[in-house]
Amino acid sequence: MAEAAGVLGQSPEFATVVVIGAGPAGLTVANLLRRSGVDCVVLERRSREYVAQRQRAGIVETRAVRMFDRWGLADRVLGGPPHDGILEFRVDGESHLVSDSDGSEGPAARLCPQQILVQKLTATYLADGGDLRFEAADVSVRDLNGDRPTVRYRTADGTPHTLTCAFVAGCDGDRGYSRTVVPEGVLTAHAFDHGIGWLTVLADAPPPAHPLLAVSSQGFAAHFPRGPHSSRYYLQCPPVDHPEAWPDTRVWDALRGRLGDSALAAGPITEREIFQLRSLVHDPMQYGRLFLVGDAAHIVSPMGGKGMNLALYDADLFAGAVRDFLRDGDESGLRSYSQRCLRRVWNDQEFSHWLTRTVHDAGDDSRCGPFHRSLARARLDRLFTSPPAARAFAELVTGLDPVG
Ligand code: RFL
């Protein structure tokens, strides 16, 4: 407690927490710390404009909406309408609606695109007087095993700066810097490559009535809302494919075929990218005074929509743990941070893995063989016909499972 009191209210170049990275993880950490009266500085490599337009996730799950609600931030940081709790599976053109509502009381998931969340988290943090430094180059960290780590960086004009702090939050994503500071042999990386590629396309085209996953012998496809007039689509493709192999006509023809919707409205394509479905977990998520948060610690294949939501979960636990330490001298949250985060990470990895295998295996059997195709179809059949199976699925989609 004596130390806790001592780290508050120091000179400007001391910050209790230095946050590296201003994506969903870093900005959420920063906002929650501010709500707790804990000072922090956020260092972001890119410009504010660049960070604000990066489009990826589209749904803030129910658990995360309630987390922001608990911190008194939901109205300020979430945009988009509530999700109506219905997910559509289309199997060989036949529609099956599955409720992803678990029936619990409280605010529901929100159709809030990641860039809207990032824009609102940025605006809220700055409006509350937060310290956010864009275009911070060459960030480096030292002395993580002492109680005063040092963080150095350069401003856009090359001026060097040094900060000391009590904690570093490594929120700089999978290709960031913070994880590289951890000495070799400390972290174990658990990696899995699904051997599946996805072409992802963003277009100014009408969103679907419900988030839509389509299984067909031509391969998997999906259609998700990303705003009132925009959509994200996914098309299974060979992992080594190139976006140039997918001109507009091929994209729309493939979507119409796999979604079983010959009238699917097209629109201008604004982004076209191919990536491989992979999963990665680093264990532990802490080294000395460095805490890894979000993609810096784990990557989940996008199937199931968990990556950004896990980042928000980590941010909640980290900010709560720092607050409890500074306010009450309670170190238990910091000590159990990695273990608690990893429990949810593996829970969500398992869900994402299950759904990834199911929707791909159930379609094109040239990849997995007829036996696995029939197993996957049996899993879908159970989901469509068994209320307990649908309920377990809803728990996982909402994040309101017993993992907490
Ligand atoms: P981010 O978003 O990568 O942010 C990291 C930030 O750190 C900055 N940075 C640095 N700053 C200072 N110094 C350095 N040395 C730095 N190095 C990097 C970067 O510029 C950046 O601003 O990580 P964060 O905050 O952990 O957030 C994670 C999410 O972005 C990620 O999990 C999701 O986008 C994953 N994801 C999805 N998640 C969902 O929950 N639902 C979805 O539907 C969903 N769809 C997706 C996705 C990811 C996708 N990609 C990336 C393959 C769809 C796609 C296409």
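Each ligand, and each atom within it, is numbered from 1 in the order the structure gives. Computed over heavy atoms, backbone and side chain alike; hydrogens, waters and symmetry mates excluded.
- Annotation: atom 32 (O) of ligand 1 to nearest protein heavy atom, Asp295 OD1, 2.7 Å.
- The heavy atom nearest to atom 5 (C) of ligand 1, considering only Ala311, Cys171, Gly21, is found in Cys171.
- Within the listing of ligand 1, atoms 20 (O) sit less than 4.0 angstrom from a heavy atom of Arg46.
- The side chain of Arg226, and not its backbone, has at least one atom closer than 4.0 Å to an atom of ligand 1 (non-hydrogen atoms only; side chain from C-beta on).
- In this structure, Phe134 falls outside the shell of residues with a heavy atom less than 4.0 angstrom from ligand 1.
- Looking at heavy atoms from C-beta onward, Leu235 lies out of side-chain contact with Val201 at the 4.5 angstrom threshold.
- Put simply, the side chain of Arg66 gets close to the backbone of Gly106: a donor and an acceptor are under 3.5 Å apart.
- For Asp138 (side chain) and Arg154 (main-chain N/O), no donor-acceptor pair under 3.5 Å exists by modelled atom type.
- Less than 4.0 angstrom separates some heavy atom of Leu43 from each of these atoms of ligand 1: 11 (N), 12 (C).
- Shown in contact with Gly173 at under 4.0 Å from a heavy atom are these atoms of ligand 1, numbered in order with element: 3 (O), 5 (C), 23 (O).
- Each of the atoms 15 (N) of ligand 1 lies under 4.0 Å from some heavy atom of Tyr177.
- Contacts between Glu273 and ligand 1 below 4.0 angstrom, taking non-hydrogen atoms only, are absent altogether.
- Ligand-side atoms of ligand 1 in range of Ile20: 12 (C), 13 (N), range being under 4.0 angstrom from any heavy atom.
- Applying the 4.0 Å criterion to heavy atoms of Asn309 picks out, from ligand 1, the atoms 40 (O).
- Residue Gln276 places no heavy atom under 4.0 Å from ligand 1.
- Judged by distance alone, the side chain of Tyr125 and the main-chain N or O of Asp131 form a donor-acceptor pair under 3.5 Å.
- Looking at Arg278, Gln114, Met308, it is Gln114 that brings a heavy atom closest to atom 34 (O) of ligand 1.
- Of all atoms in ligand 1, numbered sequentially from 1 with element shown, those under 4.0 Å from a heavy atom of Gly307 are 32 (O), 38 (N), 39 (C), 40 (O).
- Listed by number with element, the atoms of ligand 1 under 4.0 angstrom from any heavy atom of Gly23 are 4 (O), 6 (C), 22 (O), 25 (O).
- Here Tyr153 has no heavy atoms under 4.0 Å from ligand 1, in either its backbone or its side chain.
- Any N or O atom pair closer than 3.5 Å counts here, and Arg175 shares no such pair with ligand 1.
- Between Phe220 and His360, a ring centre-to-centre spacing shorter than 6.0 Å is recorded.
- Here the two rings, on Phe192 and His190, have centers that are 6.0 Å apart or farther.
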